[in-house]
Amino acid sequence: MTRSLFPRLTFSAAALVAVGSALIVSAPVAAQNVPAPTMTIYGNQKCPTDTNGNEIVVCVRRAPGEQFRIPKELRELEVTPQNQSWAAKAEANDKVGVEGIGSCSTVGAGGATGCLAQRGQQWKRERQAAKGDQRAVDRALE
């Protein structure tokens, strides 16, 4: 019984040594892929390190006025129906059912005169959005 047990224990020990050495070799490789911690600082704040100065911390400095605001990366600049204010929605509902001059409707005298004004306002909004998009592209290419 001891003869058949000895080869099995030897094989198991060799397998454990092989697995353990693989884990030891792979640990430094995994540690190299860890990014340096990034911290946002404002105004004249100092970038923190440990007491010996061994830790590397990458700091991004922003203006002091930005400290208590939503970060620029998270701000939504385009107004969509989901993030439109309640006052703007209420104002849009005030014009429902309006007819007559300047209303862009087929009902009433001069109803079609408002269509040109609405198309002009829509064109202006589209041009402003296109200019904003172009400025964002230009900033990204700098």
Side-chain angles (χ1 to χ4, degrees), residues 3-142:
R3 273 190 172 184
S4 64
L5 186 61
F6 183 72
R8 289 182 188 170
L9 286 175
T10 307
F11 179 72
S12 299
L16 285 174
V17 169
V19 170
S21 63
L23 290 175
I24 292 171
V25 171
S26 65
V29 175
Q32 291 176 1
N33 293 331
V34 175
T38 305
M39 182 175 202
T40 304
I41 57 174
Y42 299 94
N44 296 330
Q45 294 176 341
K46 294 177 96 178
C47 194
T49 60
D50 63 354
T51 56
N52 298 329
N54 296 330
E55 184 180 7
I56 298 173
V57 179
V58 178
C59 293
V60 177
R61 187 174 302 276
R62 293 200 177 161
E66 294 287 318
Q67 185 170 5
F68 299 107
R69 297 191 68 199
I70 295 174
K72 289 181 183 180
E73 300 86 32
L74 300 177
R75 295 181 200 160
E76 293 183 21
L77 301 176
E78 184 180 346
V79 178
T80 61
Q82 290 81 17
N83 64 6
Q84 188 178 25
S85 72
W86 179 87
K89 290 178 185 176
E91 183 180 330
N93 288 335
D94 285 344
K95 297 180 181 177
V96 172
V98 174
E99 46 189 59
I101 296 175
S103 66
C104 189
S105 68
T106 57
V107 180
T113 57
C115 295
L116 180 61
Q118 286 182 5
R119 287 191 186 118
Q121 291 169 353
Q122 180 182 2
W123 177 81
K124 183 179 177 181
R125 285 191 300 270
E126 289 172 359
R127 293 288 299 160
Q128 287 174 344
K131 284 181 183 178
D133 291 344
Q134 185 61 41
R135 282 192 296 263
V137 169
D138 291 343
R139 274 186 263 142
L141 294 176
E142 290 178 351

**Under 3.5 Å donor-acceptor, Gln45 side chain and Tyr42 backbone** =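 The answer is yes, because a donor-acceptor pair under 3.5 Å joins these two groups.
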**Prompt:** Hey, mind stepping through Val137 and Leu141 against side chain to side chain contact (heavy atoms under 4.5 Å, CB included) and telling me if it holds?
**Reply:** CA-CA 6 Å; Val137 169; Leu141 294 176; 4.0 Å; yes
Residues, nucleotides or ligands: over 12 heavy atoms within 6.0 Å of [X] [atom1]:
| X | atom1 | result |
| --- | --- | --- |
| Asn44 | CG | no |
| Arg61 | CZ | yes |
| Lys89 | NZ | yes |

**Prompt:** Does the side chain of Arg125 come within less than 4.5 Å of Gln122's, by heavy atoms?
**Reply:**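 A side-chain contact exists here, since the closest heavy-atom pair is under 4.5 Å.
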**Request:** Given side chain to side chain contact (heavy atoms under 4.5 Å, CB included), test Glu66 with Arg69 step by step and report yes or no.
**Result:** CA-CA 5 Å; Glu66 294 287 318; Arg69 297 191 68 199; 3.5 Å; yes
**Item:** Reported CD-to-CD distance for the pair Glu126 and Gln128, which is rounded to 0.5 angstrom
**Value:**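 It comes to 11.0 Å.
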**Message:** Working to the nearest 0.5 angstrom, can you tell me the gap between Gln82 CD and Gln84 CD?
**Reply:**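 Result: 9.5 Å between the selected atoms.
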**Prompt:** Do you know the tightest heavy-atom contact between Val57 and Cys47?
**Reply:**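 Looking at all heavy atoms of both residues, the shortest contact is O-SG, 3.5 Å.
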**Item:** Lys124 vs Gln121, side chain to side chain contact (heavy atoms under 4.5 Å, CB included): CA-CA, chis, key distance, verdict
**Value:** CA-CA 5 Å; Lys124 183 179 177 181; Gln121 291 169 353; 5.6 Å; no
